[in-house]
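Taking it in order: structure first as structure tokens, then the write-up.
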Protein chains: 2
Amino acid sequence: MPLLNRVDADPELFRALGDATRRVILDELTDRDGQTLFEICGRLAMKHGLTSSRQAISQHLAVLEGAGLVRTRREGRYKFHHLDTGPLRALVERWPIDREAPP
Amino acid sequence: MPLLNRVDADPELFRALGDATRRVILDELTDRDGQTLFEICGRLAMKHGLTSSRQAISQHLAVLEGAGLVRTRREGRYKFHHLDTGPLRALVERWPIDREAPP
DNA sequence: TTGACAGGCAAGCCGCTACTTGCCTTTACT
DNA sequence: AGTAAAGGCAAGTAGCGGCTTGCCTGTCAA
């Protein structure tokens, strides 16, 4: 096991959040959960003019799934993607966050 | 302005959190706030056997400061580093996180 | 059955970034 | 004054990661 893994928990989660396109995908799934790959591609292009190809988005979804942020459900030739913010709890509990907004 | 910046807020924050060494630095500052560069280097080496050079840590601190996660205070030839988890609030408010733990 | 649709796999390219190396500036101590 | 300590700057290197390209698999409809 690499050295940092004993100290640094779930690096895949942070790596997944490290990319802007993946974050926008999470936003998109927050807005409408359970989309297929092609739906996501289409809506990202419509809403934000993003030019990412289908393979790019597919790889991003794989990373998000690897981090546990996205769960998939197959149905025939469709594959629906569902948001799972569970792993984010570990993130908010790692460092002390003041819950109240500062003045 | 690049395309994604209109959609994706504070990319520097996520980029800062994207590196494992930087996250361990945040842990270290959580444990003992207001350390100098050399203190951080020494304690990371002691506690976790990390081999990062002084310059590496210095650059990491610069990134963290750029993301607003670390604030610095000069005093003579010393420079103390203080943790600021304020930017993390934007992160936890971006996606819906179930506050209760699942069974 | 044939074609279109939704998605997967694998290799290659390229830019970003973490890290090193070497040298410099400023501050403190004796 | 001279030396050590704390830190900064800048250029160069190497490896990872995002994206493309091309082709392949499985599923539904006409």
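Residue numbering restarts at 1 for every chain, and letters A, B, ... go by the order of the sequence lines.
Without hydrogens or angle criteria, A/E28 side chain to A/I25 main chain gives no donor-acceptor distance under 3.5 Å. A donor-acceptor pair under 3.5 Å links the side-chain atoms of B/E39 to the main chain of B/T36, judged by distance alone. Checked by atom type and distance alone, the side chain of A/T30 pairs as donor or acceptor with a backbone atom of A/L26 at under 3.5 Å.
Toward the 5′ end of DNA chain D lies the nearest nucleotide of A/G18, the other residue of the pair A/E75 and A/G18 mapping further downstream.
The side chain of A/D19 approaches D/dG18 more closely than any other nucleotide in the set D/dT20, D/dG18, C/dT20.
The CG-P distance, from A/L44 to D/dC19, rounds to 12 Å in whole Å. Rounded to a whole Å, the CZ atom of B/R23 is 14 Å from the C1' atom of C/dA18. When the C1' atom of D/dG17 is taken as reference, atom CD of A/E12 falls 14 Å away, rounded to whole Å. When the P atom of C/dA18 is taken as reference, atom CG of B/L50 falls 15 Å away, rounded to whole Å.
Taking a cutoff of 4.0 Å between a charged side-chain nitrogen and a carboxylate oxygen, A/D27 and A/K47 do not qualify as a salt bridge. Ion pairing of A/E65 with A/R71 is absent here, as no side-chain N (NZ or NE/NH1/NH2) approaches a carboxylate O to less than 4.0 Å.
The side chain of A/H60 contributes an N or O atom lying less than 4.0 Å from OP1 or OP2 of D/dC19.
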Inset, instruction - Decide yes or no on side-chain contact (heavy atoms from CB on, under 4.5 Å) for A/V63 and A/R15, but give the supporting numbers first. - result: CA-CA 8 Å; A/V63 174; A/R15 198 179 87 72; 3.7 Å; yes
Legend entry - Contact state string [nucleotides 4-16 of chain D, B base, S sugar-phosphate only, - no protein heavy atom under 4.0 Å]: -BSBBB-------
